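One structure is given below, encoded as structure tokens.
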2 protein chains.
Amino acid sequence: MGGMLREDLQALCSLPAALEAMGERWSFLILRGSFNGLHHFEEFQSELGIARNILANRLARLVGHGILVRAPCPDDRRKIEYRLTDKGYALLPTMIALRQWGERWETGVPATPILVDVRDGRPIRPVEVLSHDGRVLTKGDLHWALPEDVAREDEPEVKAAE
Amino acid sequence: MGGMLREDLQALCSLPAALEAMGERWSFLILRGSFNGLHHFEEFQSELGIARNILANRLARLVGHGILVRAPCPDDRRKIEYRLTDKGYALLPTMIALRQWGERWETGVPATPILVDVRDGRPIRPVEVLSHDGRVLTKGDLHWALPEDVAREDEPEVKAAE
DNA sequence: CAATTAGGTAGTGATTCGCAACCTAGTTGC
DNA sequence: GCAACTAGGTTGCGAATCACTACCTAATTG
């Protein structure tokens with residue numbers, strides 16, 4: 001692979017855009033809190049031990065990016081509920097992948113509460129990069145291609161995941 | 001789900017450990033550079049436009065965490081090569097997942113150089129959380145369990161991905 | 001109507017960031 | 001073999017961000 005695509009890679013990769021939304025220090029931990037059922041300012045604050053102004057700033061930023069929605073509780077109008085949007089839920093694979101990486105390479109052991117499939121109680125699979133037909137792809141199996149060079153799905157094989 | 005596991009979740013989740021290694025501002029972009037074939041200080045610097053002292057700090061930190069290795073080039077001993085370790089390569093699913101999320105929810109359109117399987121030239125599948133037998137799991141399908149409650153793999157079903 | 005609670009804002013010092021300049025070892029030109 | 005150049009940093013400085021504490025306001029409870 002030559003350096004021909006270098007600038008296109010730089011310009012058009014969506015990783016910087018993703019990092020603009022999620023790249024700040026507490027963002028992923030707040031997201032984890034949301035996935036774990038935290039909804040209120042004080043819950044996040046006491047759970048994460050984050051400074052209040054930073055928490056307020058992060059929550060506002062996550063709301064601004066459409067990852068959380070901010071809604072006053074109808075029963076107690078002092079309370080504000082922060083809930084994940086679809087866009088926020090869509091970060092689940094990223095978060096699980098990062099968590100699994102930390103398990104494998106940083107803490108070294110599987111974390112004690114194990115994330116399992118609720119349907120059969122068995123641990124989830126490691127998050128991996130898969131080809132269209134489900135083969136596991138590693139770094140050498142990947143390639144950058146321009147749209148016109150991409151093989152179209154002429155044969156109706158397995159199309160994405162349903 | 002009660003708040004019973006709350007503290008265990010907090011204490012034992014490996015996400016904070018992962019973020020300690022990768023949570024800083026430029027870390028993911030440096031990683032992307034490494035995956036895209038950058039190896040030298042000046043390459044990263046001119047490609048990412050990062051400040052030199054910050055780049056030096058990030059590279060040293062990534063090396064310290066075992067994500068990159070630092071090795072002097074044998075042919076030109078001014079040059080230092082930064083290469084991904086296995087631990088660094090293992091971040092591929094996380095990075096792809098984050099990039100795909102950015103494509104779907106931030107930039108809105110698929111990035112122009114498309115990441116494809118080199119074997120058949122077809123785009124890769126979206127990174128997803130899968131059950132042990134390959135079903136796609138969303139947020140409601142997941143559950144925290146203690147090790148003793150986790151279903152063992154007594155029946156030899158599909159075990160991980162081959 | 002006083003006390004409490006939820007969700008913030010304001011002020012202050014310590015870190016970190018980005019930018020530019022400088023430095024050092026190794027390499028190349030001649 | 002000495003000047004010029006290059007790779008990979010380090011240093012200093014101002015700006016932005018961080019964590020910590022105190023304070024504030026609206027709603028709720030006693």
Side-chain angles (χ1 to χ4, degrees), chain A residues 3 6 10 15-16 19-34 36-65 67-84 88, chain B residues 3 6 10 15-16 19-34 36-65 67-84 88:
Chain A
R6 207 45 66 77
Q10 166 74 358
L15 195 59
L19 288 170
E20 181 133 0
M22 289 300 302
E24 279 158 315
R25 211 186 291 281
W26 288 95
S27 302
F28 265 103
L29 292 175
I30 290 172
L31 188 78
R32 182 194 60 169
S34 277
N36 287 349
L38 306 186
H39 297 298
H40 300 292
F41 189 95
E42 307 290 334
E43 286 179 320
F44 287 107
Q45 207 279 317
S46 68
E47 196 79 13
L48 302 180
I50 181 176
R52 301 177 67 84
N53 56 349
I54 302 298
L55 176 58
N57 182 285
R58 289 298 172 274
L59 287 172
R61 188 177 285 260
L62 290 172
V63 169
H65 278 279
I67 292 165
L68 298 178
V69 278
R70 184 193 137 103
C73 283
D75 58 325
D76 183 344
R77 293 219 320 287
R78 291 172 304 178
K79 288 191 178 177
I80 303 288
E81 271 212 348
Y82 293 96
R83 297 200 156 275
L84 286 167
Chain B
R6 207 46 67 76
Q10 165 73 359
L15 194 60
L19 288 170
E20 181 133 359
M22 289 300 302
E24 279 159 314
R25 210 187 290 279
W26 288 95
S27 302
F28 265 103
L29 292 175
I30 291 172
L31 188 78
R32 182 193 61 169
S34 277
N36 286 349
L38 306 186
H39 297 298
H40 300 292
F41 189 95
E42 306 291 335
E43 286 179 320
F44 287 107
Q45 208 279 317
S46 69
E47 196 78 13
L48 302 179
I50 181 175
R52 299 177 69 84
N53 56 349
I54 303 297
L55 175 59
N57 181 285
R58 289 297 173 277
L59 287 173
R61 187 177 286 260
L62 290 172
V63 169
H65 278 279
I67 292 165
L68 298 177
V69 279
R70 184 194 137 101
C73 283
D75 58 324
D76 184 343
R77 292 217 319 287
R78 292 172 304 179
K79 288 191 178 178
I80 303 288
E81 271 212 347
Y82 292 97
R83 296 200 158 276
L84 286 168

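Every chain is numbered from 1, with letters handed out A, B, ... down the list of sequences. In this text, all values refer to a predicted model and were calculated from it rather than measured experimentally.
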Between the base of C:dG11 and the side chain of A:N53, is one N or O donor paired with an acceptor at under 3.5 angstrom? yes
In whole Å, I'd like the distance from the CZ atom of B:F41 to the C1' atom of C:dA25. 15 Å
Any B:W26 side-chain nitrogen or oxygen under 4.0 Å from OP1 or OP2 of C:dG18: yes
Apply side chain to side chain contact (heavy atoms under 4.5 Å, CB included) to B:H65 and B:E20, showing your working. CA-CA 9 Å; B:H65 278 279; B:E20 181 133 359; 4.2 Å; yes
In whole Å, I'd like the distance from the NE2 atom of A:H40 to the P atom of D:dA26. 21 Å
Please compare A:A56 and A:R25 by the position of their nearest nucleotide in DNA chain C and report the one closer to 5'. A:A56
NA contact type, B:D76, heavy-atom cut-off 4.0 Å: base, sugar-phosphate, or nothing? sugar-phosphate
Between C:dA21 atom P and B:I54 atom CD1, what is the distance in whole Å? 18 Å
5′-ward residue of the pair A:D75/A:A51 relative to DNA chain D: A:A51
The side chain of B:K79 is closest to which nucleotide in this list: C:dG7, D:dG8, D:dT28? D:dG8
Is it the case that the side chain of A:E43 and the backbone of A:H39 share a donor-acceptor pair, with hydrogens and angles ignored and the cut-off at 3.5 Å? yes
Which nucleotide wins on minimum distance to the side chain of B:E42, given the candidates C:dC17, C:dT27, D:dA7? D:dA7
Separation of atom CZ in A:R70 from atom C1' in C:dA6, rounded to whole Å: 11 Å
For A:R61 and A:R78, take the nucleotide of DNA chain D holding the closest heavy atom to each; which residue's nucleotide lies nearer the 5' end? A:R61
Under a 3.5 Å distance rule, please check whether A:E81 uses its side chain to pair with a backbone N or O of A:R70 as donor and acceptor. no
To the nearest angstrom, how far is A:H39 atom NE2 from C:dA6 atom P? 15 Å
Does any N or O in the side chain of B:S27 come within less than 3.5 Å of the main-chain N or O of B:G23, such that one atom is a donor and the other an acceptor? no
Whole-Å distance, B:L29 CG to C:dG18 P, equals 11 Å
What is the distance from CZ of A:F44 to P of C:dG8, rounded to the nearest Å? 11 Å
Has the side chain of B:R52 got a donor or acceptor atom sitting under 3.5 Å from an opposite partner on the base of C:dG18? no
Atom CG of A:L48 and atom P of D:dC18: how far apart are they, to the nearest Å? 15 Å
Given 3.5 Å as the limit, does a donor-acceptor pair link the side chain of B:H40 with the main chain of B:I80, or not? yes
